[in-house]
S.K.: 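Next up is a structure, given as structure tokens.
Naming: A, B, ... by sequence-line order, numbering from 1 per chain. Only a predicted model underlies this, so the values are computations on that prediction, with no experimental measurement involved.
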There are 2 protein chains.
Amino acid sequence: MTETRVERKERTRRAILDAALHLCEDSSLVALSLRQVAKEVGIVPTAFYRHFESIEALGLALVDESFVSLRAMLRDVRRGEGAADGFAGIVDSSVSILVEHVHQQRQHFRFIARERAAGPPSVREAIRHEIELCERELATDLARLPGTEQWSGEDLRVLSNLIVTAMVATAESILTASGRPDVERQLAENARTQLRMVLIGAMQWRSRP
Amino acid sequence: MTETRVERKERTRRAILDAALHLCEDSSLVALSLRQVAKEVGIVPTAFYRHFESIEALGLALVDESFVSLRAMLRDVRRGEGAADGFAGIVDSSVSILVEHVHQQRQHFRFIARERAAGPPSVREAIRHEIELCERELATDLARLPGTEQWSGEDLRVLSNLIVTAMVATAESILTASGRPDVERQLAENARTQLRMVLIGAMQWRSRP
DNA sequence: CCTGAGAGTGCACAGTCGTTCACCGAAGCA
DNA sequence: TGCTTCGGTGAACGACTGTGCACTCTCAGG
């Protein structure tokens with residue numbers, strides 16, 4: 001036996017997380033039963049409690065995990081912005097990275113999109129908080145862009161909220177359009193257009209005193 | 001007895017719809033049981049089938065009903081646009097009307113926001129379709145605005161998608177911020193700023209040939 | 001080597017679930 | 001007036017739910 005005990009435990013924990021993620025693909029956390037998860041994992045229902053004290057706790061763990069994926073995406077986006085030249089380049093690369101990550105981490109994005117609106121209150125709150133953090137990060141990024149020197153912090157936050165909202169919506173449409181590459185390409189192109197429109201508006205913007 | 005039979009039936013049907021709407025306030029359709037609804041209404045579970053063949057069918061009825069509210073809002077918005085002078089006026093009145101309607105029809109907006117992401121597939125599809133219709137309507141409205149004469153139909157749709165997305169997000173935040181008037185006022189102000197930013201961007205926009 | 005911790009088992013419980021069926025009683029039509 | 005239609009009833013079913021408890025077996029540490 002080359003597997004230590006904590007490794008075994010971790011493996012089962014992962015299996016539970018994966019099973020929940022899989023079962024959540026076409027339902028919601030609030031409609032997910034402990035016994036379904038246990039059956040999917042291949043353990044007895046009561047063994048579930050060795051890892052999580054409730055489905056809700058499982059949900060919070062999944063939120064943490066999902067936002068690790070999401071932050072990895074933001075990191076890639078930032079890297080792309082550094083490399084790209086001009087606004088058009090930033091927009092193109094950012095949307096491409098979004099599409100790519102949505103594909104690679106489909107389950108995580110799907111989970112967030114669904115539970116953001118329908119999950120247990122604590123899960124909703126956790127997701128809301130994480131997204132707010134993302135908006136804050138984006139706001140500080142935007143502050144470094146040329147043309148925003150005179151902006152108020154307030155306006156930066158409002159703009160980044162708009163951008164995040166649009167990108168979340170784009171991710172959601174890509175998820176529902178999954179499997180039709182032409183539709184997806186169109187959605188990505190639309191997202192690029194929207195980003196360009198918003199940035200053009202932003203360039204003209206002057207914060208009120 | 002001054003109540004005819006079809007009236008009685010309609011009254012029960014309404015009671016079922018209201019009960020479902022009420023129970024959905026802090027859960028989701030997929031986690032809603034036929035028996036809960038029946039108990040809330042005060043009828044026996046099997047009587048439910050006299051009105052709907054399943055919870056899913058109930059959901060579709062609620063979608064129809066909710067979008068009646070939503071279209072009433074759009075009608076008010078359009079009327080406000082006719083009266084208002086200038087972009088600023090249009091933006092101000094539109095957001096005010098949105099806030100007002102979200103308050104008046106809280107349950108309908110909450111239902112749509114939740115089931116849009118988490119409902120049964122058919123319900124999600126129905127909501128998606130209705131929202132797309134709204135986007136189409138908005139696109140034709142935008143086409144009448146000065147400055148959009150040269151726009152492609154494509155770009156009009158993309159812009160209206162952006163606006164609808166932002167407004168849906170605003171409605172959702174207002175719903176979660178419910179009860180804190182200062183927070184709500186701030187959200188409304190942010191929505192106005194976002195709309196202005198977008199419209200400024202749109203004014204500069206020229207569709208590619 | 002012995003012992004204790006702890007992941008996983010098996011059974012049992014009291015509820016709840018959707019759905020079936022036969023039935024009732026009053027409204028509506030002839 | 002009598003007959004039909006139909007919204008609502010009540011019991012019953014088999015399946016599924018979360019959770020408690022006593023148990024086993026095995027790995028890790030003294």
S.K.: Could you check whether A/Thr176 and B/Arg124, counting side-chain N and O atoms only, form a donor-acceptor pair closer than 3.5 Å?
M.R.: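 Judged by distance alone, the side chains do not pair up.
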S.K.: So, OP1 or OP2 of C/dT16: does either fall under 4.0 Å of a side-chain N or O from B/Ser33?
M.R.: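 Checking B/Ser33 against C/dT16: no side-chain N or O falls below 4.0 Å of OP1 or OP2.
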S.K.: Side chain of B/Arg35 only, please: which of C/dA27, D/dA12, D/dC27 is the nearest?
M.R.: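 Closest nucleotide among those given: D/dA12.
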S.K.: Between A/Glu81 and A/Ser93, does any side-chain donor sit less than 3.5 Å from a side-chain acceptor?
M.R.: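 No - no donor-acceptor pair under 3.5 Å links their side chains.
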S.K.: Tell me, please, which residues at least two apart from A/Arg75 pass side-chain hydrogen bond (donor to acceptor under 3.5 Å, both in side chains).
M.R.: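 Listed in chain order: nothing, the list is empty.
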S.K.: Only distances under 3.5 Å count here; give the side-chain donor-acceptor pairs of residues 44-51 of chain A to other protein atoms, sequence neighbours excluded, each with its distance to 0.1 Å.
M.R.:
none

S.K.: Quick check on DNA chain D: between B/Arg5 and A/Arg5, whose nearest nucleotide comes earlier from the 5' end?
M.R.: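 Here B/Arg5 is the residue nearer the 5' end.
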S.K.: Can you name the side-chain contact (heavy atoms from CB on, under 4.5 Å) partners of A/Glu172, sequence neighbours left out?
M.R.: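 Testing A/Glu172 for side-chain contact (heavy atoms from CB on, under 4.5 Å), a comparison that skips the adjacent residues, returns A/Ala113, A/Arg116, A/Val168, B/Arg116.
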S.K.: Tell me which residues in residues 37-58 of chain B lie within less than 4.0 Å of DNA chain D, going by non-hydrogen atoms.
M.R.: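 Within this stretch, B/Ile43, B/Val44, B/Thr46, B/Ala47, B/Arg50, B/His51 sit under 4.0 Å of the strand.
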S.K.: Tell me the interatomic distance from B/Gln36, atom CD, to C/dG18, atom C1', rounded to whole angstroms.
M.R.: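 Going from B/Gln36 (CD) to C/dG18 (C1'), I get 13 Å.
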S.K.: Separation of A/Arg8 atom CZ from D/dT26 atom P, in whole Å?
M.R.: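 Taking atom P of D/dT26 as the reference, CZ of A/Arg8 is at 11 Å.
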S.K.: Which residues in residues 9-22 of chain B have a heavy atom closer than 4.0 Å to any atom of DNA chain D?
M.R.: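 Heavy-atom contacts with DNA chain D come from B/Lys9, B/Thr12.
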S.K.: Would you please name every residue forming a side-chain contact (heavy atoms from CB on, under 4.5 Å) with B/Ser178, sequence neighbours left out?
M.R.: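 Once residues adjacent in sequence are excluded, the partners of B/Ser178 under the side-chain contact (heavy atoms from CB on, under 4.5 Å) criterion are B/Arg106, B/Glu184.
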S.K.: Do A/Glu154 and A/Arg157 sit within salt-bridge range, that is, some charged N less than 4.0 Å from a carboxylate O?
M.R.: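 No salt bridge links A/Glu154 with A/Arg157.
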S.K.: Before giving the answer on side chain to side chain donor-acceptor pair (under 3.5 Å), spell out for A/Asn190 and A/Gln186 the whole-Å C-alpha distance, their side-chain angles and the decisive distance to 0.1 Å.
M.R.: CA-CA 6 Å; A/Asn190 292 353; A/Gln186 186 59 56; 3.0 Å; yes
